[in-house]
There are 2 protein chains.
Amino acid sequence: MAEQAAKSLSAEAGGRGAENRERIVAAADRLFYEKGFQATSFSDIAEAAGVPKGNFYYYFKTKDALLEGVIDWRRQCLKKLLETLNQSHDDPRARLMALLQGLCAGEDDIVRYGCPMGTLSAELCKSGHEMKERAQSLLEVIREWIAAQLQAIGRDDAPELAREILTRSQGVTLLAHAYGDHALLVEEMARVRHWVDAVLDGRPH
Amino acid sequence: MAEQAAKSLSAEAGGRGAENRERIVAAADRLFYEKGFQATSFSDIAEAAGVPKGNFYYYFKTKDALLEGVIDWRRQCLKKLLETLNQSHDDPRARLMALLQGLCAGEDDIVRYGCPMGTLSAELCKSGHEMKERAQSLLEVIREWIAAQLQAIGRDDAPELAREILTRSQGVTLLAHAYGDHALLVEEMARVRHWVDAVLDGRPH
DNA sequence: GTCTATAGCCGGATAGAC
DNA sequence: GTCTATCCGGCTATAGAC
């Protein structure tokens with residue numbers, strides 16, 4: 001009976017463990033996004049996730065390990081998003097435009113906290129954090145996806161064009177964030193979309 | 001004689017004081033740029049400036065006050081730079097292109113630490129720092145200068161175009177920083193310049 | 001697996017001698 | 001004005017009971 005109780009407790013704890021782990025990552029993900037990595041403490045995360053501080057170290061040895069988990073989580077989310085776009089649009093061009101449109105979906109978040117990939121990369125690069133390459137890989141995932149769509153369209157300048165699209169998008173999100181300007185985000189993203197449209201049509205722009 | 005000594009000491013101290021103050025600001029400016037504001041401690045600055053920690057509080061009551069001094073210092077440097085451009089080129093278009101060319105001047109710094117205005121704004125916005133508007137004003141200074149050049153050329157879309165130029169430049173510096181990619185900076189900045197050239201010529205681009 | 005208590009460190013900031 | 005010594009608080013991380 002003692003074993004039974006222990007077992008069911010353990011099983012439940014195992015389930016809870018995975019659940020807890022995910023809760024921690026999700027809470028950290030959000031807080032790292034909102035406040036930045038350095039500015040977020042374990043106390044902040046503990047409070048947000050409803051998990052006691054000391055319990056973190058069962059799941060993550062260090063704060064860096066937690067960051068690693070968060071970045072991988074973001075990559076999964078990103079890939080899921082791109083996969084959704086792949087499935088909901090057959091036309092690569094429609095996919096691309098849907099992505100650019102979608103970047104304005106989380107409008108308020110972007111204005112308040114910037115781009116989840118760009119701001120994280122910037123912070124980690126500046127502080128010389130070992131995880132900066134991993135954050136960079138988030139940008140790389142999206143750049144490669146854009147390039148893939150462009151190549152499917154038949155552009156032989158797909159890599160360069162993808163880089164420019166990413167560059168311009170990042171510029172827009174950075175300035176919208178810096179100025180806290182909602183209209184800037186919407187208007188400049190529209191400009192980017194029109195520019196992409198014109199390029200793909202072979203029109204002057 | 002005691003008064004005299006005190007006076008000369010005071011005068012010398014005043015001179016030293018101003019010198020020390022400037023040394024502190026210059027050192028902080030550099031470190032805030034290289035490591036970021038939050039990641040830079042007084043100890044770091046003290047070491048770099050050759051001034052004992054405790055002495056800081058004679059010049060700056062808080063770290064925020066020091067940040068304020070650094071931002072104002074950056075604005076002064078920026079205005080000096082723009083004034084130099086004004087004087088070395090009569091043609092507003094030449095001024096503008098000189099600025100865009102000059103952004104690549106500190107190539108290595110930009111690749112390693114990003115744009116001094118953009119990265120600071122991003123960090124302060126994200127952490128919700130009270131000084132974020134002051135950092136934003138740095139971007140505003142440069143945006144207004146660009147708009148002034150465009151207006152002098154006779155563009156009636158000067159404000160919008162200035163914003164777009166700034167947006168694209170920030171995108172380039174962000175990505176070059178995130179990727180640590182020197183070539184990206186040079187190539188994409190060249191693209192921006194060609195685009196500006198084409199727009200000002202009224203050519204398709 | 002869970003959680004409490006706390007160690008150990010380093011940050012910004014202060015007091016006060018000189 | 002200059003500098004030393006130190007406080008206090010929050011941080012990451014650990015030890016160990018349950």
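Naming convention: chains lettered A, B, ... in sequence-line order (proteins, then strands); numbering from 1 in each chain. Hydrogens, waters and symmetry mates are skipped; everything else that's a heavy atom, side chains included, is used.
- As rounded to whole Å, 14 Å separates atom P of D:dC11 from atom CZ of A:Phe37.
- Rounding to whole angstrom units, CD of residue A:Glu47 and P of D:dC11 are separated by 11 Å.
- Look at CD1 on B:Ile24: it is 12 Å from C1' on D:dG1, rounded to the nearest Å.
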Going through the distances and angles, do A:Arg143 and A:Glu140 end up as a salt bridge (Lys or Arg N to Asp or Glu O under 4.0 Å)? CA-CA 5 Å; A:Arg143 201 194 59 73; A:Glu140 201 53 15; 3.0 Å; yes
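- No side-chain donor-acceptor contact under 3.5 Å links B:Arg168 and A:Thr167.
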Between protein and nucleic acid, restricted to nucleotides 3-11 of chain C and to nitrogen or oxygen atoms under 3.5 Å apart, what atom pairs and distances do you find?
unit_1	atom_1	unit_2	atom_2	d
C:dC3	OP2	A:Asn55	ND2	3.4

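- Defined by atom type and a distance below 3.5 Å, a donor-acceptor pair is missing between the side-chain atoms of A:Ser127 and B:Lys35.
- No donor-acceptor contact under 3.5 angstrom links the side chains of A:Asp197 and A:His205, judged on distance only.
- Per the geometry, OH belonging to B:Tyr57 stands 7 Å off P belonging to C:dT14, to the nearest Å.
- Side chains of A:Thr119 and B:Lys126: a donor-acceptor N/O pair is present below 3.5 angstrom, by distance only.
- In this structure, A:Phe42 and A:Phe56 have tilted ring planes: the angle between them lies in the 30° to 60° band.
- Per the geometry, CZ belonging to A:Phe60 stands 13 Å off P belonging to D:dA13, to the nearest Å.
- Proximity note for B:Tyr59 (side chain, C-beta onward) versus D:dT2, C:dA13, D:dT14: the nearest is D:dT2.
- Per the geometry, CZ belonging to A:Arg23 stands 13 Å off C1' belonging to C:dT2, to the nearest Å.
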